[in-house]
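First comes the structure, then the notes that go with it.
Keep in mind that what you see is a predicted model, and the values were worked out from it rather than measured. Every number for a ligand or one of its atoms is a count from 1 in the order of the listing.
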Amino acid sequence: IPVDPFDLVIFGGTGDLARRKILPGLYRRFLSGQMPEDARIIGAARSDHDDTEFRAMVGNAINEFVDRDKQEKATIAAFLERLSYIKVDARGEEGWKELAGKMRKGVVHAFYFSVGPSLFGDIAERLHAYGMADAESRIVVEKPFGHDLKTAQALNATLAKHFDEHQIYRIDHYLGKETVQNLMAVRFGNMLFEPLWNAQNVDHIQITVAETVGVGGRGGYYDKSGAMRDMVQNHMMQLLCLIAMEPPYAFEPDAVRDEKLKVIRALDPVDPDDIVRGQYCEDEDGPSYFDDVENPDSRTESFIALKTHISNWRWKGTPFYLRTGKRMRARTSEIAIVFKDPPHSIFGEQERQKANVLVIRLQPNEGINLRVTIKEPGPGGMRLVEVPLDMSFKEALGPEAEDIPDAYERLIMDVIRGNQTLFMRGDEVEAAWAWTDPLIDGWTDRGDRPKSYDPGSSGPEDALMLMHKDGRRWREVK
Ligand code: BG6
């Protein structure tokens, strides 16, 4: 279904995110027919370019970042026709009047701030001053949304001067991932799971987001952030919220976000003994973390594992283990709900049934896997084995599931539709920082050093101990 006609201005239109994700994503939506004929995309940035140069740059980005079989010459040309460029000085007055003059009446106006947060205030102010911030216009802001609670509050206050909350779309691209949305469908679209979805029946929950890439190229940013700020405060927190939240009364922005906020507020502080941080060493495939960030004294983590609890009726007593890191064994993101063991084995002690595990695979090979116990086939008596009920979305749904839109594509279309359900509200972001800050302050004050780990491993040894000491184990990263 095509969205309404729009003018989308991308500040930072020549930057990395625009080239890799935003513009190729928009092209794919255009190809799918979802972008209306009279949509316009305006790249805005500091450098000197004209429309032709900008279009050439976007054409190259499409060649580089869109699958070959989706590169249709005529469609690319038609898409590029919709693009124009304008040189704008975020901190000065150059270009703003011209930009305001380009905005058409009667179409959706969206402004994507694909720039560092230090420019958010300047841009918001000028959109207002040049009459582009009307009650219907929308702004999209990227992470990192602040560096801590204080800076996030300041950013929220700055944006609030010129835009209402319903106009502010804070992107967490994990919420745009197909399987993350599926998490809600599985929970609230089936009767099977929800009655068991609580501390009485769930032993623990593991969330793993493992990456094989290092931080090379982004060292400057990353060394000031680390895995906690880069992944846990936002992406992993959002996953945790969607698993732990109460059923919202509707799949509507504030209904969902109210429930997520309650989860974040109910998170316990984390005991320092339940946090393991790591930094990858060098190997034949790449430099060490220190070399990647060019800081031999760095105490920033490229890996973190931690255990936390949610103090509410549903979850009291069920630990949530989170782990994420760079240069790990495999690129794999999954959520595992590990149910309790059956209370008693009628088949004798040696045939003790293992716990059911529901695994939601976010990437790659998106799907759902449920481990169940059955009888081993054959005449050998009542012997039990575990088998997976495995559903790969690709296998189950065929070609449609092959064509899962990238998270950014989905989210940008939601901005145009005016649907904030998959975007973070200001109070959510602040609550997440309020939980994160004391943990970071704690290890900074104690002067803790991250443990080193081998690239291609599943993180430092101590991370395994984090679960072993509770008599549990991580699922393998593979
Ligand atoms: C980004 C982080 O938000 O998410 C990166 O800044 C990380 O460090 C990336 O690599 C992971 O996203 P995805 O979609 O590749 O899992």
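- Here's the thing with Arg218: one of its N/O atoms is less than 3.5 angstrom from an N/O atom of ligand 1.
- Contact atoms of ligand 1 toward Lys143: 1 (C), 2 (C), 3 (O), 6 (O) (distance under 4.0 Å to a heavy atom of the residue).
- In this structure, the protein non-hydrogen atom closest to atom 6 (O) of ligand 1 is Asp230 OD1, 2.6 Å.
- Between the side chain of Tyr408 and the backbone N or O of Leu26, no donor-acceptor pair lies under 3.5 Å.
- With a 4.0 Å heavy-atom cut-off, ligand 1 is reached by no atom of Arg229.
- Remark: Asp292 does not engage Lys326 in a salt bridge, criterion side-chain N to carboxylate O under 4.0 Å.
- Classification of the Phe120-Phe145 ring pair by plane angle, with boundaries at 30° and 60°, yields tilted.
- Here CG of Asp414 is found 11.0 Å from CZ of Arg138. Values are rounded to the nearest 0.5 Å.
- Residue, atom and distance of the protein heavy atom nearest to atom 15 (O) of ligand 1 are Arg331 NH2, 3.1 Å.
- In terms of protein heavy atoms, atom 11 (C) of ligand 1 is closest to Glu211 OE2, 3.5 Å.
- When only non-hydrogen protein atoms are considered, atom 14 (O) of ligand 1 lies nearest to Lys177 NZ, 2.6 Å.
- Those atoms of ligand 1 that come under 4.0 Å of a heavy atom in Lys326, given as number and element, are 5 (C), 7 (C), 8 (O), 10 (O).
- Evaluated for a salt bridge (Lys or Arg N to Asp or Glu O under 4.0 Å) with Arg170, the options Glu430, Glu142, Glu165 yield exactly one hit, Glu165.
- The residue from Lys260, Arg265, Met237 that alone fulfils the side chain to side chain contact (heavy atoms under 4.5 Å, CB included) condition with Glu428 is Lys260.
- A donor-acceptor pair under 3.5 Å is formed between the side chain of Ser457 and the backbone N or O of Asp454.
- Close contacts of ligand 1 with His235, meaning ligand atoms under 4.0 Å from a residue heavy atom, involve 1 (C), 3 (O), 4 (O).
- Shortest contact from atom 16 (O) of ligand 1 to any protein heavy atom: Tyr174 OH, 2.5 Å.
- Of all protein heavy atoms, the one closest to atom 12 (O) of ligand 1 is His173 NE2, 3.2 Å.
- In this structure, the separation between CG on Leu322 and CE on Met231 is 11.0 Å, given to the nearest 0.5 Å.
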